[in-house]
K.L.:
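Here's a structure for you.
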Amino acid sequence: MRLVRVDWVVDDMELARDIPSAALGAAPLLKRGVRLTRGLAARLSGHGVRAVWIEDDMGDGIIPIQPLPDHVRTSTEVAVAACLDAARGVAADLNNLPARTFEQLERAAEGMMRALAECPAATLAFDDLATADSYSYSHSVRVATLGLLLGQRIDRLDGWVDFRGQVRHDRMVERMTQLAMGLLIHDIGKISIPETILNKPAPLTPAEWDLIKTHPGAGVSMISDDRISPLTRCIVRDHHERWDGLGYPTGRLGEEIHPFARIAAVADVYDAITADRPYRAAAPPHVGVRLIREGADSQFDAHVVDHFLRIAMPYPVGYTIPLPDGTPGAVVGVDPEQPEYPVVRYRDPSGQLTEAAMHIVDGVVQTGGAAASPSDAAAGAPRAAAA
Ligand SMILES: [Fe+2]
């Protein structure tokens, strides 16, 4: 299968995956197997769907790795929705959330962690654009997915440092559950900010920015309960701090920021860039990857960015990319060592499907790209995630 933008859909394309509804628990907008038309595609666009997975010969055999199974993603979104509802109930005085809300979230966090632990050392699947779900729920779950993949990778490869300065490799399940909890509710404090400001389709005034900057502190106030781990609270409090000390709310600098909050910062910003927002359309993954890479050592911890660049590919498997002659190509494999040189399947002038590594810069295939890899990847580029 391959992912195409809805404005590239042509009549009779076969839908390869259900398109979920914006409403939690509601029937899908469209079921897999449906034959699409330009008219249907236009209606999907009206529902906020920007891209769809289709089945055709160009995408034959491409099975993008989906780190989080649909049922885990849905149950996690339900838990986050319940948590936000409960938080709205106590927002007036910023009291603690009810115990049952934490228990439901904790179960969701453990479910995510188990699902992602079984995921092979994979590049991030590119399925976000195929959904039209509510931003606050899906943003939390996507940030938690990316943040957990990052956290698991860092803990597995580097371990963690305790208060004695010793590197350790134990307590991974406990630590990752706390990381997942923090990622799922990192923005809980935003319920104290008017929706008109959160969803304002124009630049914020200085006063509105000052209000936005209160959400980490408001969130911490809601989770002061002793049952919430300090690690989880660190993420809520510090996910907008920057490595160079120019973040908010307190301007913590470098290693003063907890490692989990540094992971959350990368995951939060990447998802914010690559998701639709009221004030701008989603950017493609290569833009998100570039901006995170450029933020290393200023906005972000460069060590976390290094790990991120092994997980998030600028041109993920299944991605459809326009070729210089205007015809489509589908990414069938990507080597994390050379992410700018994915293997692309395309139709040659005789109509035969062909595959070659192509050099892509800022979303544009470089002419002569079929042989452009620095290591002659065209001859046998690794196919990290293609079936
Ligand atoms: Fe935030």
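Read the numbers this way: they start at 1 and go in the same order the structure lists the ligands and their atoms. Side chains are part of it too, since the values below use all heavy atoms of this structure and drop only hydrogens, waters and symmetry mates. Nothing fancy with the numbering, it's 1 onward along the sequence.
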K.L.:
Which label fits Tyr319 and Tyr315: parallel for a plane angle under 30°, tilted from 30 to 60°, or perpendicular past 60°?
P.N.:
tilted
K.L.:
Quick one: do the Glu195 and Asn199 side chains pair a donor with an acceptor below 3.5 Å?
P.N.:
yes
K.L.:
Using a cut-off of 2.8 Å, find all protein N, O or S atoms closer to the Fe ion (ligand 1) than that distance.
P.N.:
Asp187 OD1, His215 NE2, His239 NE2, His240 NE2
K.L.:
In a check of salt bridge (Lys or Arg N to Asp or Glu O under 4.0 Å) between Asp56 and each of Arg2, Arg345, Arg347, which one passes?
P.N.:
Arg2
K.L.:
Can you find a pair of side-chain heavy atoms, one from Gln104 and one from Cys83, that are under 4.5 Å apart?
P.N.:
no
K.L.:
Would you call the rings of Tyr248 and His240 parallel, tilted or perpendicular, taking 30° and 60° as the class edges?
P.N.:
parallel
K.L.:
Take Glu106 and Thr177 through the side-chain hydrogen bond (donor to acceptor under 3.5 Å, both in side chains) test and state the conclusion after the steps.
P.N.:
CA-CA 7 Å; Glu106 200 157 29; Thr177 301; over 6 Å; no
